[in-house]
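One structure below.
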Amino acid sequence: MIYQRLARPALFRLGGGDAERAHEWTLRRLAALSRRPAALRALRATAVRGTPRTVFGLRFPNPVGLAAGMDKDGRALPAWAALGFGFVEVGTVTARPQPGNPRPRVFRLPAGQGVINRMGFNNEGAAALATRLATLRPLGIPLGVSLGKSKVVPLADAVEDYLAALRAVLPHADYVAVNVSSPNTPGLRGLQDRAQLSRLLAALREESGTTPVLVKIAPDLTEHAIGEALEVCVEHGVAGLIATNTTVERRPAGLALASERSERVSSQRSPVPARDKHDGEQGGLSGRPLTGRALEVVTFVAKHSELPVVGVGGIMSVDDALRMLDAGASLVQLYTGLIYRGPSLLRAIVRATR
Ligand SMILES: Cc1cc2nc3c(=O)[nH]c(=O)nc-3n(C[C@H](O)[C@H](O)[C@H](O)COP(=O)(O)O)c2cc1C
């Protein structure tokens with residue numbers, strides 16, 4: 001409540017409403033807090049104790065994690081742990097440091113409770129992350145590292161590039177997530193196709209040893225394509241799926257949205273009513289508009305494979321999280337829900353899953 005009444009309006013005004021400025025400010029505060037043991041203790045005292053569970057051989061103190069992209073370079077790990085997250089996924093990192101796309105590249109859609117981003121894997125590179133992780137751990141909660149492809153590396157050389165990133169971070173990761181689903185690196189999502197995914201996973205699994213490898217998929221795949229990706233994952237001993245990344249659809253075919261959308265259309269007499277001034281921005285859409293589609297994908301994956309699923313996409317309330325878990329997710333992750341609801345969303349979900 002305090003977050004929604006006080007912190008959120010201030011954050012949304014910061015930097016003239018530039019969402020990335022608000023994000024950077026928050027991350028700087030959390031990074032500073034991470035260096036102050038007394039502040040961490042105080043924060044930890046507010047965290048909700050959850051029920052531990054073991055998934056792909058790792059013990060999670062609760063099932064609610066921080067999704068990739070929030071802390072790409074792992075700057076505030078002690079603070080995320082003290083807030084009460086059951087695990088954190090840092091990254092996506094690439095083998096080479098890169099600036100990402102030109103700004104502005106993150107847009108809030110407050111009326112629709114969504115975000116559009118086209119960050120393009122801005123990060124300091126896998127070696128810099130590895131150096132930071134080496135000084136930060138142990139964290140007390142599982143740490144995942146999300147890996148992507150460097151933009152300057154041609155798709156034909158993607159396997160070597162992912163391998164270089166993997167080698168750098170492997171000693172510091174409890175699991176690695178192979179991100180082949182970001183819409184903001186040209187051609188990346190093509191790596192979800194059977195032959196390319198198979199080549200990539202064969203190489204990564206040979207190098208990953210006993211560290212679990214997860215694959216993060218897009219919500220825009222057809223059921224057939226998800227089925228194929230699942231087969232390849234099983235074939236190569238992947239430990240789990242993360243479903244889903246952001247969507248390039250602007251009206252994803254989510255169950256929950258269908259009726260809401262038709263009401264909107266009839267009452268406003270416009271086929272695609274513009275509800276937020278940034279609705280038309282390019283990039284990946286997250287948050288409330290993704291809830292239904294992400295749930296569909298998690299349901300499909302859970303039904304068609306034995307692989308553990310990390311459910312992510314449009315979890316904006318306790319009910320959204322419970323539906324993901326009921327649909328078969330072993331764990332869930334939050335990103336956009338934190339922007340709109342703040343850390344009380346995390347606490348409420350941990351409490352509800354005890
Ligand atoms: C600003 C922003 C940056 C993101 N960066 C990454 C990333 O680097 N790697 C990744 O796998 N997912 C990234 N994501 C996707 C999230 O991890 C998550 O899959 C997606 O936003 C859906 O969850 P949500 O609706 O709870 O936000 C990003 C999302 C946002 C909003």
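Residue indices begin at 1 and follow the sequence shown. Both ligands and their constituent atoms are indexed starting at 1 by order of listing.
At the shortest separation from atom 4 (C) of ligand 1 among protein heavy atoms lies Gly69 CA, 3.8 Å. Protein heavy atom closest to atom 27 (O) of ligand 1, with residue, atom name and distance, is Thr336 OG1, 2.6 Å. Residue, atom and distance of the protein heavy atom nearest to atom 21 (O) of ligand 1 are Ser286 CB, 3.3 Å. Ranking the protein heavy atoms by distance from atom 12 (N) of ligand 1 puts Lys216 NZ, 3.1 Å first. Among all non-hydrogen protein atoms, the one lying nearest atom 26 (O) of ligand 1 is Tyr335 N, 3.3 Å. Looking from atom 14 (N) of ligand 1 to the surrounding protein, the closest heavy atom is Ala68 O, 3.4 Å. Of the protein's heavy atoms, Thr92 OG1, 2.7 Å lies nearest to atom 9 (N) of ligand 1. Looking from atom 8 (O) of ligand 1 to the surrounding protein, the closest heavy atom is Lys72 NZ, 2.9 Å.
Heavy atoms of Gly313 approach ligand 1 to within less than 4.0 angstrom. For the pair Thr244 and ligand 1, a heavy-atom separation below 4.0 Å is found.
Surrounding CZ of Arg21 are at most 12 heavy atoms belonging to other residues, nucleotides or ligands under 6.0 Å away. Around the CZ atom of Arg205, the shell of radius 6.0 Å holds more than 12 heavy atoms that belong to other residues, nucleotides or ligands. Taking a 6.0 Å sphere around CD of Gln4, one finds it holds more than 12 heavy atoms contributed by other residues, nucleotides or ligands. Within a 6.0 Å sphere centred on CZ of Arg250, other residues, nucleotides and ligands contribute more than 12 heavy atoms. Around CZ of Arg5, the count of heavy atoms belonging to other residues, nucleotides or ligands within 6.0 Å does not exceed 12. Surrounding CZ of Arg49 are at most 12 heavy atoms belonging to other residues, nucleotides or ligands under 6.0 Å away.
Neither the backbone nor the side chain of Met70 has a heavy atom within less than 4.0 Å of ligand 1. Both the backbone and the side chain of Asn245 come within 4.0 Å of ligand 1, judged by heavy-atom distances. At a 4.0 Å heavy-atom cut-off, ligand 1 does not touch Glu89 at all. When heavy-atom distances to ligand 1 are checked against a 4.0 Å cut-off, Asn179 comes that close only through its side chain, counted from C-beta outward. Residue contacts with ligand 1 for Asn117 involve side-chain atoms from C-beta outward but no N, CA, C or O (heavy atoms, distance under 4.0 Å).
Between Tyr340 and Phe12, a ring centre-to-centre spacing shorter than 6.0 Å is recorded.
Side chains of Lys149 and Leu155 form a contact here, defined as non-hydrogen atoms less than 4.5 Å apart.
Note: Phe60 and Phe87 have perpendicular aromatic rings, judged against thresholds of 30 and 60 degrees for the angle between ring planes.
At least one N or O atom of Gly314 sits closer than 3.5 Å to an N or O atom of ligand 1. The shortest N/O to N/O separation between Met119 and ligand 1 does not fall below 3.5 Å.
Side chain of Asp220 to backbone of Thr247: no donor-acceptor contact under 3.5 angstrom is found. Between the side chain of Asp276 and the main chain of Ala111, a donor-acceptor pair closer than 3.5 Å is present.
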